[in-house]
Protein chains: 2
Amino acid sequence: MNIGEAATRSGVSAKMIRYYESIGLITPPARTAAQYRVYAADDVHTLRFVRRSRDLGFSLEETRELLALWRDKSRASADVKNLAMAHVRELEEKAAELKAMADTLRHLATHCHGDHRPDCPILADFAATPSAQAKA
Amino acid sequence: MNIGEAATRSGVSAKMIRYYESIGLITPPARTAAQYRVYAADDVHTLRFVRRSRDLGFSLEETRELLALWRDKSRASADVKNLAMAHVRELEEKAAELKAMADTLRHLATHCHGDHRPDCPILADFAATPSAQAKA
DNA sequence: ATAAGGTTTCCCATCATGGGAAGGTCAAGG
DNA sequence: CCTTGACCTTCCCATGATGGGAAACCTTAT
């Protein structure tokens with residue numbers, strides 16, 4: 001199948017498939033006489049794997065490791081679990097950070113009248129010295 | 001004061017100060033005969049404002065709007081509040097997304113032995129067809 | 001034969017930040 | 001007066017993952 005079909009089937013854009021190939025994440029497929037890339041069903045599996053990994057927030061470098069583990073039939077499941085749990089912690093940290101920002105801002109907003117008057121504690125906080133600021 | 005001192009006092013790197021100037025976020029300061037940028041105390045306030053805005057997850061474009069509102073003494077606080085609350089919702093959405101990813105992954109990991117054996121439901125899920133996957 | 005649509009490579013843009021080079025400047029101390 | 005070191009200047013490049021688009025080529029169906 002051509003790259004377009006592989007893209008549709010895997011949910012990875014053709015643009016990204018070429019990019020993944022260029023950085024060595026996936027192996028270059030065969031080519032037709034006219035240089036068209038030709039993919040097999042198995043390549044679509046790999047692409048779906050990558051897609052899934054990306055959807056779960058793994059970077060391409062992490063995805064590369066996961067792919068290697070996936071292909072290594074003799075790897076220990078502990079290796080996979082460690083990588084996954086480390087990632088879980090990162091995700092949870094980032095989520096907590098965003099939540100903290102939202103909480104700070106929401107708190108500031110509750111003290112803002114939100115009417116036609118100009119004075120607003122949100123901007124006042126932004127302009128204040130760091131020591132006097134609401135904690136993020 | 002020179003850019004270095006402004007950077008230290010505001011918590012914005014000299015590199016970023018120059019960048020903010022280049023994109024018109026902040027106004028170009030005066031220069032010495034030798035082309036050194038000269039900042040006033042007020043410029044440091046502005047930089048701190050930007051820093052604070054960034055720390056709370058606003059993009060530079062959003063920061064630009066906030067700065068404009070800050071400087072516009074006649075703006076309605078409702079405008080600020082609307083902008084802030086829209087951002088709060090964005091932050092909370094992103095946080096929820098990350099949390100969902102973490103939950104999915106954590107769930108998959110609980111079913112992974114995490115020992116020397118090779119079989120691992122995490123990778124199995126990654127390789128599965130989308131319809132059969134744990135929900136993110 | 002021609003048109004439509006797929007494919008190729010290549011370059012550019014995003015967003016916010018950092019790194020580093022090559023060169024100019026300033027202040028302190030010998 | 002000159003050197004040294006710490007600043008400053010501009011300019012270019014890199015990141016990470018993705019998209020946009022151009023110019024050229026291929027394929028397939030009419």
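As a basis for the values below, the full set of heavy atoms in this structure was taken, side chains included, without hydrogen atoms, waters or symmetry mates. Lettering follows sequence order; numbering is per chain, from 1.
- In this structure, NZ on Lys99(B) lies 10.0 Å from OG1 on Thr104(B), to the nearest 0.5 angstrom.
- End-to-end axis angle for the helix from dA1(C)-dT30(D) to dG30(C)-dC1(D), using five pairs per end and rounding to 10°, comes out at 30°.
- His111(A) is linked by a ring-ring contact (aromatic ring centres under 6.0 Å, His included) to His107(A), counting only residues two or more places apart in sequence or in another chain.
- Salt-bridge formation is detected for the pair Glu61(B)/Arg64(B): a Lys NZ or Arg NE/NH1/NH2 atom is positioned less than 4.0 Å from an Asp or Glu carboxylate oxygen.
- Applying the 4.0 Å criterion to OP1 and OP2 of dG6(C), one finds that Asn2(A) has every side-chain N and O outside that range.
- Sequence order on DNA chain C of the closest nucleotides to Glu5(A) and Phe58(B) puts Glu5(A) first from the 5' end.
- Note on residues 68-96 of chain A: pairs passing ring pair (Phe, Tyr, Trp, His ring centres under 6.0 Å), not counting sequence neighbours, are Phe49(A)-Trp70(A), Phe58(A)-His87(A).
- Nucleotides of DNA chain D nearest to Arg37(B) and Ala34(A) differ in position, and the one nearer the 5' end is that of Arg37(B).
- Scored by the side-chain hydrogen bond (donor to acceptor under 3.5 Å, both in side chains) test, Asp43(A) finds no partners at all (sequence neighbours excluded).
- With sequence neighbours excluded, no residue forms a side-chain contact (heavy atoms from CB on, under 4.5 Å) with Asn82(A).
- Residue pairs meeting the ring pair (Phe, Tyr, Trp, His ring centres under 6.0 Å) criterion with at least one member in residues 9-40 of chain B: none, sequence neighbours excluded.
- Atom CD1 in Ile3(A) sits about 15 Å away from atom C1' in dG5(C), given to the nearest Å.
- Applying the salt bridge (Lys or Arg N to Asp or Glu O under 4.0 Å) rule to Asp79(A) yields no partners; only residues at least two apart in sequence or on another chain are considered.
- Taking atom CD of Gln35(B) as the reference point, atom C1' of dG23(C) lies 14 Å away to the nearest angstrom.
- Every residue was checked against the salt bridge (Lys or Arg N to Asp or Glu O under 4.0 Å) condition with Arg48(B), not counting sequence neighbours, and none meets it.
- Every salt bridge (Lys or Arg N to Asp or Glu O under 4.0 Å) that Arg9(B) has, sequence neighbours left out, goes to Glu5(B).
- In the region residues 13-32 of chain A, proximity to DNA chain C at under 4.0 angstrom, judged on heavy atoms, holds for Arg18(A), Arg31(A).
- Within the structure, side chain to side chain donor-acceptor pair (under 3.5 Å) pairs that include any residue of residues 21-30 of chain B comprise Glu21(B)-Arg37(B) (at least two apart or interchain).
- From the 5' end on, the contacts that DNA chain D makes with chain A at under 4.0 Å to a non-hydrogen atom open and close at dA17(D) to dT27(D).
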